[in-house]
There are 2 protein chains.
Amino acid sequence: MSETPTGLDRVIHEPARLRLLMVLSGVDEADFKFLLSALGMTKGNLSSHVDRLAQAGYVQVLKGFNGKVTRTCYRLTERGREAIAEYWRELDAIRSMRGK
Amino acid sequence: MSETPTGLDRVIHEPARLRLLMVLSGVDEADFKFLLSALGMTKGNLSSHVDRLAQAGYVQVLKGFNGKVTRTCYRLTERGREAIAEYWRELDAIRSMRGK
DNA sequence: ACAAACCGGTCTGCACCACAAACCATTTCA
DNA sequence: TGAAATGGTTTGTGGTGCAGACCGGTTTGT
């Protein structure tokens, strides 16, 4: 016995990341500080989640400067958008799976 | 810093359990064997997930006999139905949360 | 009578991971 | 020359999803 073809992308399924992705999908790009206050999570948390999304290729990390202060921006990749769409599709399938 | 008022019920959010709940929400009751084949998970897994749902008060466990063979049935509780409805509501809120 | 298969689980071990807090490098303020 | 703020990264740990071994009982096959 094996295989769990859930289809539900675990990277996206995590509530914190799901929220993060939804925010990103509505703006062109967002920086760390903005996301921090928009999502109300700790810095470490945000950092690691964003990292996970980057590794999955769902968000692009743009490190730069604002004057002399470091500033990191994030934006959704095309791959990310597709994955999100697919995620909602899968979820809808489950949702409408009432009884057998 | 603290608080994660996600609202998303983790007991329900887990894909395996979500699927399980959706199956149950479509039938009056289902037994172990049926769920096993309907969901394609291992016995241990199904057992523990169902257990978790029972502890949360979302499903009711009905142990009985079919002749001399044990037969365990599961059915959604009212509390379970409400929790599911609330879950979908929360999820819809997140879904429509595009950019602030 | 004995073995094998089925039913409904429990228990064990592992691998992963979300989370908060500690930490670090700069920069600004006094 | 600090002290505190800014912008993150790294670390420690508890929680848990998962498969598979095991188990008591029943039924079926030979």
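We name chains A, B, ... by the order of the sequence lines, and we start the count at 1 in each one. Computed from a predicted structure; not experimentally measured.
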(request) Examine D/dG17: is either OP1 or OP2 under 4.0 Å from a nitrogen or oxygen in the side chain of B/Arg17? Give yes or no. (result) yes
(request) Send over the distance from B/Leu18 CG to D/dT16 C1', rounded to a whole Å. (result) 17 Å
(request) Scan B/Ser47 against the nucleic acid and name what it touches under 4.0 Å (heavy atoms): base, sugar-phosphate only, or nothing. (result) base
(request) Check for a donor-acceptor pair, side chain of B/Ser25 on one end and backbone N or O of B/Met22 on the other, with a separation under 3.5 Å. (result) yes
(request) Ignoring the backbone of A/Val69, work out which of C/dC19, D/dG7, C/dG8 is nearest its side chain. (result) D/dG7
(message) Would the distance check show the side chain of B/Thr77 and the main-chain N or O of B/Gly57 forming a donor-acceptor pair, the cut-off being under 3.5 Å?
(response) yes
(request) Round to the nearest Å and state the distance from A/His49 atom NE2 to D/dT9 atom P. (result) 14 Å
(message) Taking only side-chain N and O atoms of A/Lys63, does any of them lie within less than 4.0 angstrom of OP1 or OP2 on D/dT9?
(response) yes
(request) Taking only Lys NZ, Arg NE, NH1 and NH2, and the carboxylate oxygens of Asp or Glu, determine whether B/Arg17 and B/Asp9 approach each other closer than 4.0 Å. (result) no
(request) Look at all strands and tell whether B/Tyr74 reaches a base, only sugar-phosphate, or nothing, counting heavy atoms closer than 4.0 Å. (result) sugar-phosphate
(request) Send over the distance from A/Phe32 CZ to C/dC24 C1', rounded to a whole Å. (result) 14 Å
(message) Please determine whether a side-chain nitrogen or oxygen atom of A/Arg10 lies at a distance below 4.0 Å from atom OP1 or OP2 of C/dA18.
(response) no
(message) Tell me the interatomic distance from A/Leu46, atom CG, to C/dA20, atom P, rounded to whole angstroms.
(response) 12 Å
(message) Can you work out whether A/Lys68 or A/Asn45 has the more 5'-proximal nearest nucleotide on DNA chain C?
(response) A/Asn45
(message) In whole Å, I'd like the distance from the CZ atom of B/Arg52 to the C1' atom of D/dG17.
(response) 10 Å
(message) Pairing check on C/dA1: which nucleotide meets the Watson-Crick or G-U wobble criteria with it, both distances under 3.5 Å?
(response) D/dT30
(message) Quick test of your reading of the model: are A/Asp31 and A/Lys63 salt-bridged, counting only N-O distances below 4.0 Å?
(response) no
(request) Could you tell me the separation between the NZ atom of A/Lys43 and the C1' atom of D/dT10, rounded to a whole number of Å? (result) 13 Å
(message) Any salt bridge linking B/Glu86 with B/Arg89? Criterion: basic side-chain nitrogen under 4.0 Å from a carboxylate oxygen.
(response) yes
(request) Round to a whole Å and report the spacing from CG of A/Asn66 to P of C/dT26. (result) 18 Å
(request) Please state whether the phosphate of C/dC7, meaning OP1 or OP2, lies under 4.0 angstrom from any side-chain nitrogen or oxygen of B/Thr70. (result) no
(request) Round to a whole Å and report the spacing from CG of B/Leu53 to P of D/dG17. (result) 10 Å
